Amino acid sequence: MGFWKFFTAVLILNLFWSKPTSSISLSTTELSEIPTKFLSYAKKPEIVNLMVDARRRIHENPEVAFEEFETSKLIRNELDKMGIEYKHPIAVTGVVGMVGTGEPPFVAIRADMDALPMQESVEWEHKSKVPGKMHACGHDAHVAMLLGAARILQDHRQELKGTVVLIFQPAEEGAGGAKKMVEDGILKNIDAIFGLHVSVDLPIGSVASRPGALLAGSGLFEAIISGKGGHAAIPQHTIDPILAASSVIVSLQHLISREADPLDSQVVTVGKFQGGGAFNVIPDYVTIGGTFRAFSTESFMQLKKRIEEVIKAQAAVQRCNATVDFYPDNKIFFPVTTNNKVLHTHFENVAGDMLGIDNVQGMQPLMGSEDFSFYSDVTPGCFFFLGMANETRGKLASLHSPYFTINEDVLPYGAALHASVATRYLLEFESKSHISD
């Protein structure tokens, strides 16, 4: 069933809802009170318990990309309890719910739900029960916060002037689950989308973002450099792929230092070098691999082109052959994550009303990437970071660390921000034309 038909079906099922008319409008003061009201609501024990319990159950049973079957089931069970209609499966394990009138405008809020293939080293009551898998990036908290937001929105659904779409997305960690969700049509008729990520560097009760490019577009490359192996004592009878690979790596760095505009941030990093197995043998081939990143599509594609040219040319100088693969292990390119300027201002206003303007920080672009970019690439979006650091509890381990932990005090803030940016959007914007840059 098409996504728009899904919306229509849910609308019919929910005709009994009390719907605000287009003539209803709130004063500036009334709008500014929504975020603080929702934060107070999110801190109610029953909402906090819902989020903490969901987060801990997900953390104990981590599932990696496109394997989030139990996580998806937990989400659907919670939505069932709230009386929220949803569509499943989307993109294998994804869940998309809907709260409100079932009518335009439509605004989406998104959480990712996959874990990482790594062993947890934190000893606590709810440690991962699955060897070699861990929620080390906060996606368990992201799901819990979106469930909390769903509860807030459902309990205040008569106040919604339109429809909030809840996106629970699989496979953010490199597999491009957002791309699959977009291909499955979830953004049809959606005017705007918001997403967040927890931060170990920002203090609890604060947020950070910026308009325009926020996170880099990224891609991977892998090259096999082939030569002619032989005894290390008679290198004149060999064609040394290790020497060729070394020349390639040095030359790749010149792409940044001598070809890229210093004001146009770009990165090329070689993180993989495999070749040979003995001290006195020159191998037949060497494999290298790495990542490249840029903040514009033009720079990204130029960098990709030059990476291939440099690898093949430098290999040829050393009498070797090279093949280059930009899709190793079926990985995909991530676009630049770009915040719509109008939506970013909207986010700042909402967060400022909730947290105080001093706790809404600007930030520099980061070279990290996020598959939220697949959403913001096709519809106006805004992505922001949510602080959870508390100095009195010690420093939090970084993302993707086996010692990563969540400060669960952050959960009400995320839930209330999700609910507030969506609700205020429906009250303040009538169509996508109001948010074009």
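By convention here, the first residue in the shown sequence is residue 1. As the structure is a computational prediction, the values presented were derived from the model and not from experiment.
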### Query
Do Asp264 and Gln266 meet the criterion of a side-chain donor-acceptor pair at a distance under 3.5 Å?
yes

### Query
Got a salt bridge between Glu308 and Lys304, using NZ or NE/NH1/NH2 to carboxylate O under 4.0 Å?
no

### Query
Does Gln169 reach the main-chain N or O of Gly94 with its side chain, forming a donor-acceptor pair under 3.5 Å?
no

### Task
Using atom types as modelled and distance alone, determine if a side-chain donor or acceptor of Ser251 lies under 3.5 Å from a backbone N or O of Val310.
no

### Task
Kindly state whether the ring of Phe333 and the ring of Phe300 have centres lying under 6.0 angstrom apart.
yes

### Message
Closer than 3.5 angstrom, by distance alone: can the side chain of Glu30 be matched with the main-chain N or O of Ser27 as a donor-acceptor pair?
### Response
yes

### Message
Less than 4.0 angstrom from a charged side-chain N to a carboxylate O is my criterion; do Lys73 and Glu63 meet it?
### Response
no

### Main-chain N/O of Gly381 paired to Asn340 side chain as donor or acceptor, under 3.5 Å
no

### Query
Counting distance only, does the side-chain N/O of Ser209 pair as donor-acceptor with the main-chain N or O of Phe383 below 3.5 Å?
yes

## Note on the structure
For Cys137 and His400 the tightest heavy-atom approach is SG-NE2, 3.4 Å

### Task
Compute the ring centroids of His346 and Phe429, then answer whether they are less than 6.0 Å apart.
yes

### Query
Taking Thr423 for the side chain and Ala419 for the main chain, is one N or O donor matched with an acceptor at less than 3.5 Å?
yes

### Task
Indicate the ring-plane relationship of Phe347 and Phe384, choosing parallel, tilted or perpendicular according to the 30° and 60° boundaries.
parallel

### Query
What pairs meet the side-chain hydrogen bond (donor to acceptor under 3.5 Å, both in side chains) rule with one or both residues in residues 40-52, with sequence neighbours excluded?
Tyr41-Asp155, Glu46-Arg151

### Query
Do Asp114 side-chain atoms and Glu173 backbone N/O form a donor-acceptor pair below 3.5 Å?
yes

### Message
Between Glu60 and Lys127 (salt bridge meaning N to carboxylate O under 4.0 Å), is one present in this structure?
### Response
no

### Side-chain (Asn407) to main-chain (Val410) donor-acceptor, under 3.5 angstrom
no

### Query
When you check the side-chain N and O atoms of Arg210 and His344, is any donor under 3.5 Å from an acceptor?
no

### Query
Does the separation of the ring centres of Phe372 and His197 fall below 6.0 angstrom?
no

## Note on the structure
Partner of Phe374 under side chain to side chain contact (heavy atoms under 4.5 Å, CB included), picked from Lys180, Glu183, Met181, Lys179, is Lys179

### Message
Do the side chains of Lys37 and Glu159 get close enough for a salt bridge, i.e. N-O under 4.0 angstrom?
### Response
yes

#### Entry: Flag, side chain of Ser373 to backbone of Thr337, donor-acceptor distance under 3.5 Å
no

Side-chain donor-acceptor pairs under 3.5 Å in residues 52-59, sequence neighbours left out?
from, atom 1, to, atom 2, distance (Å)
Asp53, OD2, Arg57, NE, 3.0
Asp53, OD2, Arg57, NH2, 3.1
Arg55, NE, Asp140, OD2, 3.0
Arg55, NH1, Glu408, OE2, 2.9
Arg55, NH2, His59, ND1, 3.4
Arg55, NH2, Asp140, OD2, 3.3
Arg56, NE, Glu408, OE1, 3.4
Arg56, NE, Glu408, OE2, 3.1
Arg56, NH2, Glu408, OE1, 2.8
Arg57, NH2, Glu78, OE2, 2.9
His59, ND1, Asp140, OD2, 2.8
His59, NE2, Glu120, OE1, 3.1
His59, NE2, Glu120, OE2, 3.1

### Query
Where the side chain of Thr291 meets the backbone of Gly219, is there a donor-acceptor pair that is under 3.5 Å apart?
yes

### Partner set under side-chain hydrogen bond (donor to acceptor under 3.5 Å, both in side chains) for Glu348, not counting sequence neighbours
none

### Query
Are the charged groups of Glu428 and Arg424 less than 4.0 angstrom apart, N to O?
yes

### Query
Between Ser199 and Asp201, does any side-chain donor sit less than 3.5 Å from a side-chain acceptor?
no

